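Read the structure below first, then the notes.
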Amino acid sequence: MSEEGELTTIRCTIDGSPHEHRCHPLTSALDFLRYVAGLTATKEGCKEGECGACAITLDGVVVNSCVVPAAHLQGRRVGTVLGLSRPDELSALQKAFLECGGAQCGICTPGMLVTGARLLEEGERLTEARIREHMAGNLCRCTGYGKIVESLLRASEEER
Amino acid sequence: MRLVGTSAPRAEGEAKLTGRARYVDDLPLTDFLWGLTVRSTIPYGRILSVDFDAGADWSGVTIVTAKDVPGKNVVVLLEQDQPILAADRVMHREEPIVLLAHRDRDRLWELASRVRIEYERWEPVLDIDASLALEQRLFKDDNVFKAIRIDKGDVEAAFARAARVFERTYETGLQEQAYIENQGMVATWDAAAGRLEVVGSMQCPYYVLKGLCPIMGLAPEKVVVEQAATGGAFGGKEDYPTILAAHASLLSYKSGKTVKMIYDRVEDLVATTKRHPCRTRIRTALDASGSILAMDVDATMDGGAYCTLSPVVLSRGTIHAGGPYNFENIRVESRVVATNTPPNGAFRGFGAPQTIFAMERHMDNLARELGRAPHELREEYLLRPGQTTAFSQNVGDDVYALDIQREAVARTRFEERRRECEEFNRSSRWERRGIGLATFLHGAGFTGNGEVVLDSRLKVDVTADGFVQIYSANTEMGQGKDTTFSQIAADSMGLPMARVRIITPNTARVPNSGPTVASRTAMVVGYLVQEACGAVRKALEAHAGRTWRDPDDFASLAAAHHRERGALEGWSRYEPPPGKVWDDKVYRGAAYGAYAWACYVAAVRVRLDTLEVTVESFDAFQEVGRVLNPVIAEGQIEGGVVQGIGYALCEEVKMRDGVMANANFTNYIIPTFADVPEVKVHFAERPYPFGPFGAKGIGELPMDGPGPALASALTHALGVEVNRIPATPEHLLELLGNE
Ligand code: FES
Ligand code: FES
């Protein structure tokens, strides 16, 4: 891939807003968000689909954006951590992370929140086992996971 | 005191939760180049030539080699053996040789493969034995970066009268810090002003400053280093960022443009520092009744190709080798040696997890040999008030080893559960269960006279509108320093946390309060926050002739001070606790200002067909002086324990021809949500008079216990001594091989 390569135009909505940017079709969705659209809230940890730092939703389904080509965003709804809260208010999940200590260095946090929010949307009463299974694709090196589990349990109770 | 001791929410939490926090790769830059490193593909040899493929398009590419270094081509640390770019000789795989910069990152990747480097290959030294056998001379005459000896009592005489000697060897492997944010740095050289600015992911801005000056040939006032939000570090961003900062700076210096370098995961894994592998042999002299007469400990660490921080890692490892025990006679001999592998460096625990693993495994094995329960044998030798450690420090009253172990044993029902596991193992065909423990101490702050040498300073000021601002070089990297400092300042001033601001660590704005390492930030620097606040408070009260009633009143008094007397600021400077003396020559005395004391209990279940290990429970008991913020302190312990579980069970760096062969998260396995149980954290508090509001340092402590506790549980489950970690299924299979 070099800068002379042919460019394509990607149109999609990101967190509800329409976006249109030109990029190389093989650019990853992660690089598209970060370097083309300038939305750096979504993070890179491994670029090989192993850590979940780059998790976004595509039409409501959680994917690791580092292994999805930008071309796959064409015409679809992209959700990132930026869409989880209103400008002046944290979501219940974000508040729970703040209270329970779900974020330490914060680099895994955008991906944790996106993946966790999707789980909460399923609306079932969460258990520790269900959370550990659903979140197993998201790595965190700081928390040891316990406080993230607690955050999700608290948010799930709040939402009821 | 209203905030200290409460779980005040993380100061920078909202920025992180909304995606607004700016890590180095998120900084808005205009007109910059990407930088890339071309690295050695052999572990040891001479560089014969460096050529740039004439068939490739090199237009617009900035190329830097050793010849372009404006100052000295050396990374100044404890020794001056490491070049910033290899010039004629390479000492390890992935050693940086050429730097490239260009606008287009993809183009850079292509061009990197068009740099042709020819070598004369030399036979590399790839492990401790080859190094000690002097197969090649890599460092001075003996390949030894540092050797240490600690002596207490008369070990020789004790062995001479021993009825028998019990000896074992213990091994711990390399471990990768695996922070989720890879290393990254942005450098901007302003030729007109002759000024260099560097921003990046780091633990120690002043280390980076100090390293950059000689390489760039610049005076310290011409260099500014600032920390960006940092996505985890664990020691991995203590010394390596100096190298990355210098590389980005060299490219910026030559190109005249801002240069950004961000490692990807593979590069970060193969090129940056890891935990030192260690092999420890322990011999114990026993009398006829099975009492311990003497311990003889001999530890060797692999430092990699350059000295870096290895001597200080060895120092902490050596001091912790004797554990929390009172042995009448003990000798510890240790050394760290050179090999042709990438330099090993700082990682949470800094040498202590390795030697503590050895001593705790040994106490366990001894108990087994003597037919005693693991906690019973330990009880006899755990330090009591007034007794002395292996390095002859009289611990006085600040000793909690026995209490913490007794508490752990009682509250986890250790004895009962041991029997339950044994019963289970007699009846189960497919599974084995076991429970084990480790008891240990961890010293907080720099070793020996290190804190005195650091001479840390810190400033606090009050703005005209009544905000207290903390100026320190200590970095937030997830451990919660911004929050605990704010709590300490708020309580010292009698104000809410919203009235406290943390000034971004930037060497042009903050004084040098020392590096953010060694469990020193909350304890040592937190105390400086408390003291500087005390100074400000006194000055303001003196000026106003009274104290304030509330934040608004405080703001009006501060405004009056600004009007009538000018700025309002207070300074503090490190003072060693009285009566603590350390003799570096003989390695004796007060190695640390304070110790945290801990006992960790782990239970495992092992499937006999796959040898897959499930950690069924983990309980971490520790005495920590005072808990500043329960949620943050628990988070530190839980996170450290899970790193320790990885160290013990699954994190295996596979080295092949001097380089990490499994350099990605698919093959280097760190624990996930699904791999660990809830870690139960229990704090005991006995305030330490020289920590802020009584707090001791705890950052590294949780890394020490999981290795030996889990190996103890596995030994209990399987009936074979597990003396090496990581205890992967492959390793367990080897151990069980004959059965
Ligand atoms: S960066 Fe996408 S999974 Fe790690
Ligand atoms: S909070 Fe640091 S990696 Fe999860």
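Order of the sequence lines fixes the chain letters, A, B, ..., with proteins taken first and strands second; residue numbering starts at 1 for each chain. These numbers were taken from a predicted model, which means no experiment stands behind them.
- Chain A forms more heavy-atom pairs under 4.5 Å with one residue of E14(B), R22(B), Q479(B) than with any other, namely E14(B).
- Residues satisfying the side-chain hydrogen bond (donor to acceptor under 3.5 Å, both in side chains) test with R77(A), not counting sequence neighbours, are none.
- Contact tally against chain B (heavy-atom pairs below 4.5 Å) for L93(A), T40(A), T80(A): the top residue is T40(A).
- Salt-bridge check for K47(A) with E267(B): failed, with every basic side-chain N at 4.0 Å or more from each acidic carboxylate O.
- Chain B forms the most heavy-atom pairs under 4.5 Å with one residue out of G38(A), G137(A), A103(A), and that residue is A103(A).
- Chosen from A674(B), G232(B), A178(B), the residue pairing most often with chain A at heavy-atom distances under 4.5 Å is A178(B).
- Interface remark: Y179(B) contributes backbone atoms only to the contact with chain A (heavy atom separation under 4.5 Å).
- Contacts from residues 51-61 of chain A to chain B, taken as heavy-atom pairs separated by less than 4.5 Å, involve C51(A), A53(A) in sequence order.
- Interface remark: E150(A) contributes no atoms to any contact with chain B (heavy atom separation under 4.5 Å).
- In this pair, W34(B) and Y35(A) present their aromatic rings perpendicular. The plane angle is above 60°, beyond the 30 to 60° band.
- Salt bridge annotation for R132(A)-D675(B): absent, with no cationic side-chain nitrogen under 4.0 angstrom from a carboxylate oxygen.
- There is no contact between R20(B) and chain A, counting heavy-atom distances below 4.5 Å.
- Per-residue heavy-atom pair counts under 4.5 Å with chain A were compared for P671(B), A15(B), G646(B), G480(B), and the maximum is reached by P671(B).
- In terms of non-hydrogen atom pairs under 4.5 Å with chain A, the most contact-rich of T666(B), V676(B), V642(B) is T666(B).
- Taking non-hydrogen atoms and a 4.5 Å limit, the residue list of residues 9-16 of chain A in contact with chain B is empty.
- Here the side chains of C142(A) and F234(B) are in contact, with some heavy-atom distance below 4.5 Å.
- Both the backbone and the side chain of D26(B) come within contact range of chain A, judged by heavy atoms closer than 4.5 Å.
- Taking CG from D264(B) and CD from E48(A), the interatomic distance works out to 9.5 Å, rounded to the nearest 0.5 Å.
- Residues F97(A) and L17(B) come closest through the heavy atom pair CB-CD2, 3.4 Å.
- Shown here for F665(B) and L139(A), the closest heavy-atom pair between the two residues is CD1-CD1, 3.8 Å.
- Between the CG atom in D268(B) and the SG atom in C46(A) there is a gap of 12.0 Å [rounded to 0.5 Å].
- Looking at every heavy atom in both residues, G45(A) comes nearest to N182(B) through O-ND2, 3.5 Å.
- The CG atom of L152(A) sits 7.0 Å away from the CZ atom of F673(B) when rounded to the nearest 0.5 Å.
- Contact of E99(A) with chain B is made through the backbone alone, with heavy-atom distances under 4.5 Å.
- Interface remark: L98(A) contributes backbone and side-chain atoms alike to the contact with chain B (heavy atom separation under 4.5 Å).
- With a 4.5 Å cut-off on side-chain heavy atoms, L82(A) and T18(B) do not count as touching.
- Expressed to the nearest 0.5 Å, how far OG of S201(B) lies from CD1 of I107(A) amounts to 8.0 Å.
- A salt bridge does not link K43(A) to D25(B): none of the charged nitrogens lies less than 4.0 Å from a carboxylate oxygen.
- Counting heavy atoms from C-beta outward, R10(B) and Q104(A) have side chains that approach closer than 4.5 Å.
- In this structure, chain B has a heavy atom under 4.5 Å from the backbone of T143(A), while its side chain stays farther away.
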Could you list the donor-acceptor pairs under 3.5 angstrom formed between side-chain atoms of residues 629-639 of chain B and any protein atom two or more places apart in sequence or on another chain?
from	atom 1	to	atom 2	distance (Å)
N629(B)	OD1	V631(B)	N	3.2
N629(B)	OD1	I632(B)	N	3.1
N629(B)	ND2	A8(B)	O	2.9
N629(B)	ND2	Q487(B)	OE1	3.2
E634(B)	OE1	K147(A)	NZ	2.6
E638(B)	OE2	K147(A)	NZ	3.4

